[in-house]
Visitor: 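Below you will find the structure I want to go over with you.
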Protein chains: 2
Amino acid sequence: MPRPSEPTRERIIQAASALFYNEGIRRVSVDEVAAKAGLTKRTLYYHFRSKDDLVAAYLAARDQPNLAVFRKWFDETEGGVPVKIEAIFRNLARSARHPKWKGCGFLRTSAELANMPGHPAIRIGAAHKKKFEDWLRATFAAEGIADPLQLARQILLLLDGSFAVVLLHRDASYMETAGEAARSLIEMALVGRRGRRC
Amino acid sequence: MPRPSEPTRERIIQAASALFYNEGIRRVSVDEVAAKAGLTKRTLYYHFRSKDDLVAAYLAARDQPNLAVFRKWFDETEGGVPVKIEAIFRNLARSARHPKWKGCGFLRTSAELANMPGHPAIRIGAAHKKKFEDWLRATFAAEGIADPLQLARQILLLLDGSFAVVLLHRDASYMETAGEAARSLIEMALVGRRGRRC
DNA sequence: TTGTGTATATTCACTGGTTAGTATACATAC
DNA sequence: GTATGTATACTAACCAGTGAATATACACAA
């Protein structure tokens, strides 16, 4: 089967994704990934230059799907922007209650590789979060909010904070608390939109 | 030197602390910790039952000092509670600009050990964050805020979010953004304190 | 149609290094 | 002479990456 190169590469990324997300980067060996993908380590090294490359590919494969889910949750919720953003947190809480949930793969990888600041996987994670931040910023700008970037960053901080806190305490209700804080901040910014006063 | 058992144990924890915080848990070997402490691995295993034990001791040693720093930053700042809390974030931003800063040791450990939910180190991390949350709750309760626990958790989410985001982007200004969000939320809660209306 | 060269894809078996934890013995202090 | 504390030397497993060989598909020539 020399020709169909893509399915093999895809299969390796799927295997790596499951293992790296569930057990962490350094805890998973290249042999384990290869075994899970149903091939040998040597074949894996034909498709990826190094383990670091594979880690980067694992995160790159999660970039678009993750963003798409957030947008979907936003779009499918009826109501104003505060409610639609809060819905993202509520849906996230629902995910986080599944026993296999283990936080945000991007953040956990950046925590585990904190001593390698230039690592390709960290750059991919940073770019991913920037994309989400920019989507929030554009959403708030369309609402006429005065400082949409500042608000976008505050919501992002609440979101990533809830990933960290829920992972530590294994208590998904923190995500709903974060969602309420996010709604408050957005509503406050909307009220101040036209310089209204009490 | 058989007698002075405490200094040896202390020295091991100091060495472990520096290495685990800077490089992560799984990246640091017990041999490295022993070497940094100036003794052999066998001696280390006389004082600690296992590497997991040592990791737990590393976090336990950071519990009280960390909380003390936050309280100090709060106490030494002039002004109301919103400003005093914001000062914590500003001081944290200052720390985070030092090149050796690598986020919150508790959160990074919980991210790295996410597949071992009952690990003693994770329990110590969770207890640490609960103590901070409770200190915030008591502080807000003393101000007569209606739901002090909810507000405490929102501030905690912003704090831990800023640890995660700043570690990923290496941009400490997110901490100041989080501080402004925290101040907004507290001020909003203070205004609503007596059920005031516009 | 058939033979053949070449790029693609895969495997087996290995290297050199690391790692958590231990068996045993030795030293010091009281 | 016994508790405590330290060191040497070891085990058994693991792990990232590689050398050398092999198998398949396809393009092109005879």
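First the proteins, then the strands, lettered A, B, ... as listed; each starts at 1. Heavy-atom basis, side chains included; hydrogens, waters and symmetry copies ignored. Because the structure is a prediction, the values reported are computed rather than measured.
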Visitor: State the pairing partner of D/dC15; accept Watson-Crick or G-U wobble contacts with both distances under 3.5 Å, and report none otherwise.
Guide: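 Pairing partner, where one exists within any strand: C/dG16.
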Visitor: Give a yes/no answer on whether the side chain of B/T43 brings an N or O atom under 4.0 Å of OP1 or OP2 in D/dG5.
Guide: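 The answer is no; no side-chain N or O of B/T43 sits under 4.0 Å from OP1 or OP2.
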Visitor: Report the distance from atom CZ of A/F20 to atom P of D/dC15, rounded to the nearest whole Å.
Guide: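 Between P of D/dC15 and CZ of A/F20: 12 Å.
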Visitor: Side chains of residues 111-127 of chain B: which donor-acceptor partners sit under 3.5 Å, not counting sequence neighbours?
Guide:
{"unit_1": "B/E112", "atom_1": "OE1", "unit_2": "B/I25", "atom_2": "N", "d": "3.1"}
{"unit_1": "B/E112", "atom_1": "OE2", "unit_2": "B/I25", "atom_2": "N", "d": "3.3"}
{"unit_1": "B/E112", "atom_1": "OE2", "unit_2": "B/R26", "atom_2": "N", "d": "2.8"}
{"unit_1": "B/H119", "atom_1": "ND1", "unit_2": "B/A121", "atom_2": "N", "d": "2.9"}
{"unit_1": "B/H119", "atom_1": "NE2", "unit_2": "B/D52", "atom_2": "OD1", "d": "2.9"}
{"unit_1": "B/R123", "atom_1": "NH1", "unit_2": "B/G118", "atom_2": "O", "d": "3.1"}

Visitor: Specify the separation, in whole Å, of atom OH of A/Y46 and atom C1' of D/dG19.
Guide: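 From A/Y46 OH to D/dG19 C1': 16 Å.
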Visitor: So does B/H47 get a side-chain nitrogen or oxygen closer than 4.0 Å to the phosphate oxygens (OP1/OP2) of D/dT4?
Guide: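 False: B/H47 side-chain N/O out of range (4.0 Å or more) of D/dT4 OP1/OP2.
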Visitor: I need a per-nucleotide contact map over nucleotides 12-20 of chain C, read 5' to 3'. Cutoff is protein heavy atoms under 4.0 Å; write B for the base, S for backbone only, - otherwise.
Guide: B------SB
Visitor: Grab the CZ-P distance between A/F48 and D/dC15 for me, whole Å please.
Guide: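 A/F48 atom CZ is separated from D/dC15 atom P by 19 Å.
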Visitor: Would A/R90 and A/E86 pass as an ion pair if we require N to O under 4.0 Å?
Guide: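 Looking at A/E86 together with A/R90, the answer is yes, because their closest N to O distance falls below 4.0 Å.
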Visitor: With both distances kept under 3.5 Å, what pairs with D/dA30, Watson-Crick or G-U wobble?
Guide: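 Pairing partner, where one exists within any strand: C/dT1.
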Visitor: With sequence neighbours left out, what residues match B/E180 under side chain to side chain donor-acceptor pair (under 3.5 Å)?
Guide: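 B/E180 satisfies side chain to side chain donor-acceptor pair (under 3.5 Å) with A/Q150 once adjacent residues are dropped.
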Visitor: Which ring pair (Phe, Tyr, Trp, His ring centres under 6.0 Å) pairs, counting each pair once, include a residue from residues 166-187 of chain A, with sequence neighbours left out?
Guide: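 Non-adjacent pairs meeting ring pair (Phe, Tyr, Trp, His ring centres under 6.0 Å): A/H169-A/Y174.
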Visitor: Please enumerate all residues that pass side chain to side chain donor-acceptor pair (under 3.5 Å) together with A/K129, with sequence neighbours excluded.
Guide: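 Once residues adjacent in sequence are excluded, the partners of A/K129 under the side chain to side chain donor-acceptor pair (under 3.5 Å) criterion are A/D160.
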Visitor: Does B/F20 have any ring pair (Phe, Tyr, Trp, His ring centres under 6.0 Å) partners at least two apart in sequence or in another chain, and if so, which?
Guide: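 Applying ring pair (Phe, Tyr, Trp, His ring centres under 6.0 Å) to B/F20 gives B/Y58.
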